Engineer: 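Dumping the structure here so I can ask a few things about it.
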There are 2 protein chains.
Amino acid sequence: MKEMNKTNQQILHYTGNFLQCRGYNGFSYSDISRKLGIKNAAIHHYYPQKEDLVATFLEVSRHKFAANIAQVAESGGSAREQLQYYFDYALKEFDEGKSICPPGSVMLDFEELPEKVKKQHLLLLDEILTWLSRVLKTGLEQGELNFSDPVDVRADAIFETLLGARQLSSIKGRKTLVRSISLIKSDLGWRD
Amino acid sequence: MKEMNKTNQQILHYTGNFLQCRGYNGFSYSDISRKLGIKNAAIHHYYPQKEDLVATFLEVSRHKFAANIAQVAESGGSAREQLQYYFDYALKEFDEGKSICPPGSVMLDFEELPEKVKKQHLLLLDEILTWLSRVLKTGLEQGELNFSDPVDVRADAIFETLLGARQLSSIKGRKTLVRSISLIKSDLGWRD
DNA sequence: CCTTTTTTACTTACTAGTAAGTAAGTGTGC
DNA sequence: GCACACTTACTTACTAGTAAGTAAAAAAGG
């Protein structure tokens with residue numbers, strides 16, 4: 001991977017900002033270059049094609065997710081604490097104006113996406129859903145959670161609800177997202 | 001409103017097909033005109049600007065929704081039957097390749113949308129959420145459903161989960177959507 | 001330490017393609 | 001003859017992507 005100097009980092013930063021608001025076809029190299037005060041072509045220096053840019057963004061997102069999750073888990077976080085971290089992360093991103101999660105940002109365009117973007121998207125999606133299932137399983141075993149459906153179905157449902165909730169909340173406001181997260185917990189048998 | 005001849009109806013039909021897959025900026029007048037075997041400019045004859053086209057599509061969607069719902073309600077449909085109609089509709093649209101519902105299709109682009117599109121979107125969204133709340137309330141009162149949260153929060157959650165579930169299912173397949181609908185029901189205390 | 005070479009990080013200037021939108025013209029049926 | 005349903009032909013604006021060039025920093029060599 002290319003060296004991560006400041007410009008490169010900023011490119012990826014704004015890629016996230018735009019991608020997680022407007023999707024793959026919703027932003028251009030010019031949107032990013034204007035933000036950085038550089039020229040369009042400068043981004044091609046780092047990422048020859050748009051697919052390179054977005055694939056790298058998704059890959060970096062996956063590595064960050066894995067690292068963050070690993071840290072929470074290693075520091076002895078319970079299932080509830082790990083889930084709470086995930087919910088807080090969604091809220092934090094929402095507060096930054098990002099109304100879609102990284103995997104969600106390219107989900108609708110999936111079919112017509114270049115192969116390398118598809119690949120990174122599927123890796124990221126799988127990383128998240130697999131982790132969610134694992135945490136839910138632990139939560140059940142430890143008695144921290146209580147529900148009667150298969151963990152992987154419940155994992156999908158949490159992901160879906162957050163995905164939809166962030167989108168609806170971008171119109172109805174933060175309170176809607178907060179309430180939806182409460183409802184997810186409540187449906188997990190998570191009663192304080 | 002312009003007369004609804006065949007071409008006009010087909011334009012709106014394909015607008016739905018594209019919009020509910022790829023969103024506001026994900027399709028062009030050419031996409032539609034190619035499907036109909038007419039020229040780009042012919043669509044401008046019916047809808048001078050894209051905002052006219054999409055606003056009309058949303059308005060028609062709302063009228064159709066209201067009519068369908070009214071029909072089910074008038075024919076003595078219970079709360080469960082009315083909800084089931086809604087779920088079936090989501091499944092039917094999913095089977096047609098539409099991975100977003102009509103209000104969801106412009107949700108992400110909302111902020112930068114022309115005013116008349118915003119307006120129609122909000123009207124449609126409100127129509128659906130208000131109806132959902134009303135049905136949930138009835139379902140509780142009649143003992144057909146059982147849950148402990150405010151009906152409007154639960155209505156948002158159902159909408160959000162379907163919104164997200166259709167998107168995730170466009171990648172993971174129909175079974176994912178079917179299972180998510182089952183989970184929604186189960187969380188409503190809907191046990192057969 | 002100083003010079004030469006190479007690399008990095010861009011800019012300028014361009015191409016080809018596609019988007020929305022417009023104006024003027026054509027054919028057809030009442 | 002005139003309104004309707006288009007087509008032809010166009011403009012303006014923006015997109016991804018490329019080719020060639022440049023200034024400065026880093027690396028290499030003596």
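So you know, we letter chains A, B, ... as the sequences are listed, proteins then strands, and number each from 1. This structure is a prediction, so every number in the text was calculated from the model and none was measured.
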Engineer: List for me each residue that meets side chain to side chain contact (heavy atoms under 4.5 Å, CB included) alongside B/A55, sequence neighbours excluded, and say none if there are none.
Structural biologist: B/K116, B/V117, B/Q120
Engineer: Apply salt bridge (Lys or Arg N to Asp or Glu O under 4.0 Å) to residues A/R174 and A/D95 and explain how you reach the verdict.
Structural biologist: CA-CA 8 Å; A/R174 190 181 201 274; A/D95 289 335; 2.8 Å; yes
Engineer: Check whether any side-chain nitrogen or oxygen of B/T7 sits under 4.0 Å from OP1 or OP2 of D/dA5, and answer yes or no.
Structural biologist: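 Answer no for this pair, as no side-chain N or O of B/T7 is under 4.0 Å from OP1 or OP2.
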Engineer: Quick check: is B/M4 connected to B/F57 through a chain of hydrophobic side chains (ILVMFWY, heavy atoms under 4.5 Å apart)?
Structural biologist: yes
Engineer: Using whole Å, what does the distance between atom C1' of nucleotide C/dA20 and atom CG of B/D31 come to?
Structural biologist: 13 Å
Engineer: Separation of A/H44 atom NE2 from D/dG21 atom P, in whole Å?
Structural biologist: 20 Å
Engineer: For DNA chain D, determine which residues of residues 12-28 of chain A have any heavy atom closer than 4.0 angstrom to one of its atoms, and list them numerically.
Structural biologist: A/F27, A/S28
Engineer: B/V153: which other cluster members, linking ILVMFWY side chains closer than 4.5 Å, directly or transitively?
Structural biologist: A/L183
Engineer: Give a yes or no answer on whether the side chain of B/Q20 reaches the backbone of B/I100 with a donor-acceptor pair at less than 3.5 Å.
Structural biologist: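 Between the backbone of B/I100 and the side chain of B/Q20 there is a qualifying donor-acceptor contact (under 3.5 Å).
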Engineer: How many whole angstroms separate atom NZ of B/K50 from atom C1' of D/dC14?
Structural biologist: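 Rounding to the nearest Å, NZ of B/K50 and C1' of D/dC14 are 14 Å apart.
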Engineer: Return the set of residues passing side chain to side chain donor-acceptor pair (under 3.5 Å) with B/N17 (not counting sequence neighbours), or none when no residue passes.
Structural biologist: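 Per chain and number, B/N17 pairs via side chain to side chain donor-acceptor pair (under 3.5 Å) with no residue.
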Engineer: Let me know the distance between CD of A/Q49 and C1' of D/dT15, rounded to the nearest Å.
Structural biologist: 14 Å
Engineer: Can you find a side chain N or O atom of B/S30 that sits less than 4.0 Å from OP1 or OP2 on C/dT18?
Structural biologist: no
Engineer: Using modelled atom types only, decide if a donor and an acceptor are shared between the side chain of B/S169 and the backbone of B/L177 within a distance under 3.5 Å.
Structural biologist: yes
Engineer: Let me know the distance between OH of B/Y29 and P of D/dT11, rounded to the nearest Å.
Structural biologist: 21 Å
Engineer: Give the rounded distance in Å between these two atoms: NE2 of A/H45 and C1' of C/dA9.
Structural biologist: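 Roughly 5 Å, once rounded to whole Å.
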Engineer: Does A/Y24 reach the main-chain N or O of A/M107 with its side chain, forming a donor-acceptor pair under 3.5 Å?
Structural biologist: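 Side chain of A/Y24 to backbone of A/M107: no pair is present.
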Engineer: Measure the distance from CE on A/M4 to P on C/dT8 and round it to the nearest whole Å.
Structural biologist: 15 Å
Engineer: Tell me which residues in residues 33-42 of chain A lie within less than 4.0 Å of DNA chain C, going by non-hydrogen atoms.
Structural biologist: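 Those residues whose heavy atoms fall under 4.0 Å from DNA chain C, taken from residues 33-42 of chain A in numerical order, are A/I38, A/K39, A/A41, A/A42.
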Engineer: Among residues at least two apart in sequence or on other chains, which ones pass salt bridge (charged side-chain N to carboxylate O under 4.0 Å, His left out) with A/K50?
Structural biologist: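 A/K50 satisfies salt bridge (charged side-chain N to carboxylate O under 4.0 Å, His left out) with no other residue.
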Engineer: Reckon B/N5 has a side-chain N or O less than 4.0 Å from the OP1 or OP2 of D/dA5?
Structural biologist: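 Yes.
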Engineer: Expressed in angstrom and rounded to an integer, what is the separation of B/Y46 atom OH from D/dC4 atom C1'?
Structural biologist: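 Nearest whole value for this atom pair: 8 Å.
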